[in-house]
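Taking it in order: structure first as structure tokens, then the write-up.
As the structure is a computational prediction, the values presented were derived from the model and not from experiment. Numbering of residues begins at 1 and proceeds along the displayed sequence. Numbering of ligands and ligand atoms starts at 1, following listing order.
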Amino acid sequence: MLQMLPSCECCDRDLPPDSAEARICSFECTWCAPCAEQCLGGVCPNCGGSMVPRPPRASALLDTHPASTERVHQPGLHRGA
Ligand SMILES: [Zn+2]
Ligand SMILES: [Zn+2]
């Protein structure tokens, strides 16, 4: 099951499970669209993989399969690269 992180790892903005702004890589590193496109150039700084839009989880499934609440924040990870 996809681990849905609640926030962007770069800027820590909230990315709710139904957000159209969320981007993920194959390792489920999670970023917002502006960071993914403008700061990170579409490449995950953690693993070097490409990022794709994260599919929203149907709200009916969030009751039984809630999104992760564990925030991952790695500010400055990509700066200077
Ligand atoms: Zn961000
Ligand atoms: Zn990654």
Side-chain angles (χ1 to χ4, degrees):
M1 182 169 68
L2 185 70
Q3 187 187 8
M4 303 190 85
L5 299 184
S7 59
C8 173
E9 292 186 29
C10 179
C11 68
D12 204 35
R13 64 173 278 187
D14 288 339
L15 292 171
D18 61 352
S19 175
E21 293 261 280
R23 300 288 181 272
I24 56 169
C25 77
S26 67
F27 288 96
E28 300 167 17
C29 311
T30 303
W31 317 95
C32 68
C35 285
E37 287 156 24
Q38 290 158 35
C39 300
L40 308 175
V43 177
C44 177
N46 293 342
C47 67
S50 60
M51 292 183 260
V52 298
R54 185 177 71 181
R57 182 165 296 172
S59 57
L61 283 172
L62 286 170
D63 291 334
T64 49
H65 300 86
S68 173
T69 56
E70 187 180 331
R71 298 177 85 90
V72 177
H73 189 204
Q74 308 181 70
L77 183 73
H78 58 288
R79 284 185 199 139

query = Are the side chain of Arg54 and the backbone N or O of Leu15 linked by a donor-acceptor pair below 3.5 Å?
reply = yes
request  = Could you tell me whether the side chain of Phe27 reaches within less than 4.5 Å of the side chain of Asn46, counting heavy atoms only?
outcome  = no
message = So Ser7 and His73, do their side chains get closer than 4.5 Å, heavy atoms only?
response = no
message = Around the Zn ion (ligand 1), how many protein N, O or S atoms are found at less than 2.8 Å?
response = 4
query = Out of curiosity, does Met51 fall in the hydrophobic cluster containing Ile24 (side-chain heavy atoms, cut-off under 4.5 Å, transitive links)?
reply = no
message = Tell me every residue that passes side-chain hydrogen bond (donor to acceptor under 3.5 Å, both in side chains) with Asp18, counting only those two or more places apart in sequence or in another chain.
response = none
ask   = Are Gln3 and Thr30 close enough that some pair of their side-chain heavy atoms sits under 4.5 Å apart?
value = no
By side chain to side chain contact (heavy atoms under 4.5 Å, CB included) - contacts of Pro34 (at least two apart) = Arg13, Glu21, Cys32, Gln38
For the Zn ion (ligand 2): protein N/O/S atoms at distances below 2.8 Å = 4
query = With side chains defined as the heavy atoms from C-beta onward, is the minimum distance between Asp14 and Arg71 less than 4.5 Å?
reply = yes
task = Would you mind reporting whether Pro53 and Arg23 have side-chain heavy atoms less than 4.5 Å apart?
result = yes
